[in-house]
Number of protein chains: 2
Amino acid sequence: MSDISKRSIDRLSLYLHYLRDKKEQGIKDISSVTIAGDMNINAVTVKKDLARIAGQSGKPRIGFDIETLIHDIQTALGYNKLDNVVLVGVGQLGHVLLSYNGFAGYGLNIVAGFDTDQSKVGTVVCGKPIFHIDRLADVVSKYDVRMGIITVPKEHAQAAADCMIAAGIQGLWNFAPTHINIPENVMIKNEDLASSLAILSNELRKK
Amino acid sequence: MSDISKRSIDRLSLYLHYLRDKKEQGIKDISSVTIAGDMNINAVTVKKDLARIAGQSGKPRIGFDIETLIHDIQTALGYNKLDNVVLVGVGQLGHVLLSYNGFAGYGLNIVAGFDTDQSKVGTVVCGKPIFHIDRLADVVSKYDVRMGIITVPKEHAQAAADCMIAAGIQGLWNFAPTHINIPENVMIKNEDLASSLAILSNELRKK
DNA sequence: AATATATCGATAAAAAGATACCGATAACTA
DNA sequence: TAGTTATCGGTATCTTTTTATCGATATATT
């Protein structure tokens with residue numbers, strides 16, 4: 001159940017957006033071929049992706065029940081359970097993420113922000129308290145936090161990561177544009193806007 | 001030269017961060033095996049990635065000259081030429097991207113922001129003028145813009161994309177969490193934070 | 001009720017990507 | 001100067017992912 005490829009996860013996420021749109025339009029059922037056509041993805045790929053995660057099996061001449069399918073994808077992507085996470089680095093980007101109310105829809109609950117700047121400590125951003133980094137371990141154990149978001153300047157990214165790992169965090173979501181060393185048992189996902197951009201730019205140049 | 005795989009581009013971007021760190025530490029040369037070891041990537045993969053884009057060939061027992069390698073990666077990723085882009089949707093996230101000075105280092109120059117909100121039109125964010133969306137086509141043709149960033153609320157994402165495509169933009173970088181329909185000849189890169197998160201969360205669950 | 005058709009899901013083939021192996025080469029060492 | 005060693009780069013293999021093909025099935029149509 002857990003061995004979904006990264007590309008498949010990426011696509012599932014796209015299907016989800018697409019299906020929610022369709023549902024809002026009042027459409028009840030949809031076929032994999034229709035999805036594939038609208039999204040410019042090979043139909044068999046779509047079928048494979050859906051077959052792996054769908055509880056229902058699609059009906060010939062009808063397709064899949066959209067509502068059930070949305071639920072299945074959400075479950076597969078982990079959006080239906082709630083994970084507590086913390087955020088370290090309450091700068092501009094940190095603010096944006098703290099303020100983004102949509103995360104709950106993705107099974108993510110930011111319990112608190114952390115910083116070393118005393119002028120930020122004690123404030124509240126969008127209902128989330130900002131603590132000094134010293135209190136990280138407390139919060140992590142209290143709220144059973146497994147994931148942490150890094151939005152500090154790149155000079156402090158390694159130190160922030162070390163703090164979080166010491167506090168018991170197992171998964172890092174890194175927005176700082178730098179390489180971070182982590183032990184084997186910790187996962188990291190680098191959110192590198194520049195590389196996304198490079199991919200787009202590269203595709204564009206091919207034309 | 002242009003047919004670098006997406007995964008390779010992703011990795012090249014990581015190498016770049018890593019190599020810049022090493023350069024700052026005063027290190028002159030580095031071997032692919034060292035890079036691979038530090039980054040937990042297979043050594044052959046690193047060699048292949050570098051071989052494809054490096055102008056120099058690495059020297060036995062020394063490795064690659066870091067400075068040259070950095071330059072080669074930047075060239076391969078398109079960071080050494082400057083592309084003009086526009087941004088549509090001057091909300092919170094739009095502000096962050098407009099304010100981010102690091103883009104220049106990635107060959108990206110945001111020439112202007114666009115919005116429909118009259119209270120925003122005419123203002124300047126971080127040196128970049130905000131225009132009404134009606135003026136998009138003018139700016140695109142004047143500055144030879146090929147790429148556009150979408151940071152509008154998801155309800156308006158399709159309309160924004162249509163505007164940009166009509167204005168002649170060929171590549172879209174979409175931050176709105178929704179599916180966008182585009183013609184065949186236009187490229188789109190969906191920047192889906194939720195799916196990144198799902199990938200991390202999924203890896204975490206495997207353990 | 002019988003037939004036609006759209007769709008699914010499974011199996012097979014093809015393509016892409018990652019990994020292993022090995023000879024060649026240039027720097028280090030004695 | 002000669003031998004040793006670390007590293008590169010190319011070829012071959014293996015794995016993963018995508019795409020193609022085909023029979024089965026449920027729905028719609030006549």
Side-chain angles (χ1 to χ4, degrees), chain A residues 1-15 18-19 22 27-66 68-69 72-73 76 195 198-199 202-203 206, chain B residues 1-15 18-19 22 27-69 72-73 76 184 195 198-199 202-203 206:
Chain A
M1 170 181 176
S2 285
D3 56 344
I4 312 176
S5 77
K6 289 180 187 183
R7 284 207 190 162
S8 182
I9 290 177
D10 247 343
R11 286 190 300 267
L12 285 169
S13 177
L14 292 175
Y15 304 156
Y18 170 87
L19 292 171
K22 289 290 174 192
I27 300 172
K28 295 286 180 202
D29 305 287
I30 198 158
S31 79
S32 59
V33 177
T34 307
I35 298 176
D38 284 351
M39 310 199 65
N40 274 327
I41 299 177
N42 180 283
V44 180
T45 303
V46 176
K47 283 182 200 176
K48 284 259 190 278
D49 287 338
L50 296 184
R52 183 172 292 123
I53 58 93
Q56 61 179 329
S57 75
K59 291 181 188 172
R61 217 171 164 102
I62 300 280
F64 294 86
D65 176 67
I66 287 186
T68 312
L69 198 52
D72 286 344
I73 295 177
S195 93
I199 291 172
N202 190 64
E203 295 283 325
K206 282 188 198 167
Chain B
M1 170 182 177
S2 285
D3 56 343
I4 312 176
S5 76
K6 289 179 187 181
R7 286 205 190 163
S8 182
I9 290 177
D10 247 343
R11 286 191 300 267
L12 285 169
S13 178
L14 292 175
Y15 305 155
Y18 169 88
L19 292 171
K22 289 290 174 191
I27 300 172
K28 295 287 181 203
D29 304 288
I30 198 158
S31 79
S32 59
V33 178
T34 307
I35 299 176
D38 284 351
M39 309 198 66
N40 274 326
I41 298 178
N42 180 284
V44 180
T45 303
V46 176
K47 282 182 201 176
K48 286 266 187 269
D49 287 339
L50 296 184
R52 183 173 292 124
I53 60 94
Q56 61 179 330
S57 74
K59 291 182 187 172
R61 217 170 165 104
I62 300 281
F64 294 86
D65 176 68
I66 287 186
E67 190 148 357
T68 311
L69 197 53
D72 286 344
I73 294 177
E184 286 256 333
S195 93
I199 290 171
N202 190 63
E203 294 282 328
K206 281 188 201 169

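Labels below follow one simple rule: chain letters A, B, ... track the order of the sequence lines, proteins then strands, and each chain is numbered from 1. On a predicted model such as this, the values are computed, not experimentally measured, just so you know.
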Inset, instruction - Return no unless some side-chain N or O of A:S32 is found under 4.0 Å from OP1 or OP2 of C:dT7. - result: no
Inset, instruction - Using a cut-off of strictly less than 4.0 Å, decide whether A:T45 has a side-chain nitrogen or oxygen near OP1 or OP2 of D:dT17. - result: no
Inset, instruction - List for me each residue that meets salt bridge (Lys or Arg N to Asp or Glu O under 4.0 Å) alongside B:D38, sequence neighbours excluded, and say none if there are none. - result: B:K22
Legend entry - Interatomic distance, B:L12 atom CG to B:L19 atom CG [nearest 0.5 angstrom]: 10.0 Å
Legend entry - Atom pair CD1/OH of B:I41 and B:Y18 - distance to nearest 0.5 Å: 10.5 Å
Show me the donor-acceptor pairs within less than 3.5 Å that the side chains of residues 28-37 of chain A make with the rest of the protein, sequence neighbours left out.
{"unit_1": "A:S31", "atom_1": "OG", "unit_2": "A:V33", "atom_2": "N", "d": "3.4"}
{"unit_1": "A:S31", "atom_1": "OG", "unit_2": "A:T34", "atom_2": "N", "d": "3.1"}
{"unit_1": "A:S31", "atom_1": "OG", "unit_2": "A:T34", "atom_2": "OG1", "d": "2.8"}

Inset, instruction - Just jot down the side chain to side chain donor-acceptor pair (under 3.5 Å) partners of B:D10, sequence neighbours excluded, or say none. - result: A:S195
Length of the line joining [X]:[atom1] and [N]:[atom2], which is rounded to integer Å:
X	N	atom1	atom2	result
A:N42	C:dA14	CG	C1'	12 Å
B:L69	D:dC8	CG	C1'	13 Å
A:L12	D:dT18	CG	P	11 Å
A:D65	D:dT27	CG	P	13 Å
B:R11	C:dA16	CZ	C1'	12 Å
B:D29	C:dA26	CG	C1'	13 Å
B:I4	C:dG17	CD1	C1'	15 Å
B:D49	C:dG17	CG	C1'	10 Å

Legend entry - Residue pairs passing the salt bridge (Lys or Arg N to Asp or Glu O under 4.0 Å) test where at least one lies in residues 53-69 of chain B, sequence neighbours excluded: B:K23-B:E67
Between protein and nucleic acid, restricted to nucleotides 28-30 of chain D and to nitrogen or oxygen atoms under 3.5 Å apart, what atom pairs and distances do you find?
{"unit_1": "D:dA28", "atom_1": "O4'", "unit_2": "A:R61", "atom_2": "NE", "d": "3.4"}

Legend entry - Heavy-atom closest contact (B:F64 atom, B:A54 atom, distance): CE2-CB, 4.3 Å
Inset, instruction - Please report the closest heavy-atom contact between A:G55 and A:D72, naming both atoms and the distance. - result: N-OD2, 2.9 Å
Scan the side chains in residues 43-50 of chain B for donor-acceptor partners under 3.5 Å anywhere in the protein, sequence neighbours excluded, and list what turns up.
{"unit_1": "B:D49", "atom_1": "OD1", "unit_2": "B:S8", "atom_2": "OG", "d": "2.8"}
{"unit_1": "B:D49", "atom_1": "OD1", "unit_2": "B:R11", "atom_2": "NH2", "d": "3.1"}
{"unit_1": "B:D49", "atom_1": "OD2", "unit_2": "B:R11", "atom_2": "NE", "d": "2.6"}
{"unit_1": "B:D49", "atom_1": "OD2", "unit_2": "B:R11", "atom_2": "NH2", "d": "3.3"}
{"unit_1": "B:D49", "atom_1": "OD2", "unit_2": "B:Y15", "atom_2": "OH", "d": "2.7"}

Inset, instruction - Could I get the full list of side-chain contact (heavy atoms from CB on, under 4.5 Å) partners for B:K6, not counting sequence neighbours? - result: A:I199, A:E203
Short heteroatom pairs, N/O only, protein and nucleotides 9-13 of chain C, under 3.5 Å:
{"unit_1": "C:dG9", "atom_1": "OP1", "unit_2": "A:G58", "atom_2": "N", "d": "3.0"}
{"unit_1": "C:dT11", "atom_1": "O4", "unit_2": "A:K48", "atom_2": "NZ", "d": "3.0"}

Inset, instruction - Select one nucleotide: of C:dC8, C:dA20, D:dA6, the one nearest the side-chain heavy atoms of B:P60. - result: D:dA6
Inset, instruction - Quantify the bending of the helix from C:dA1-D:dT30 to C:dA30-D:dT1 as the angle between its end axes, each fitted on five pairs, to 10°. - result: 20°
Inset, instruction - Please tell me which of B:S8 and A:T34 maps to the more 5' nucleotide of DNA chain C, matching each residue to the nucleotide holding its nearest heavy atom. - result: A:T34
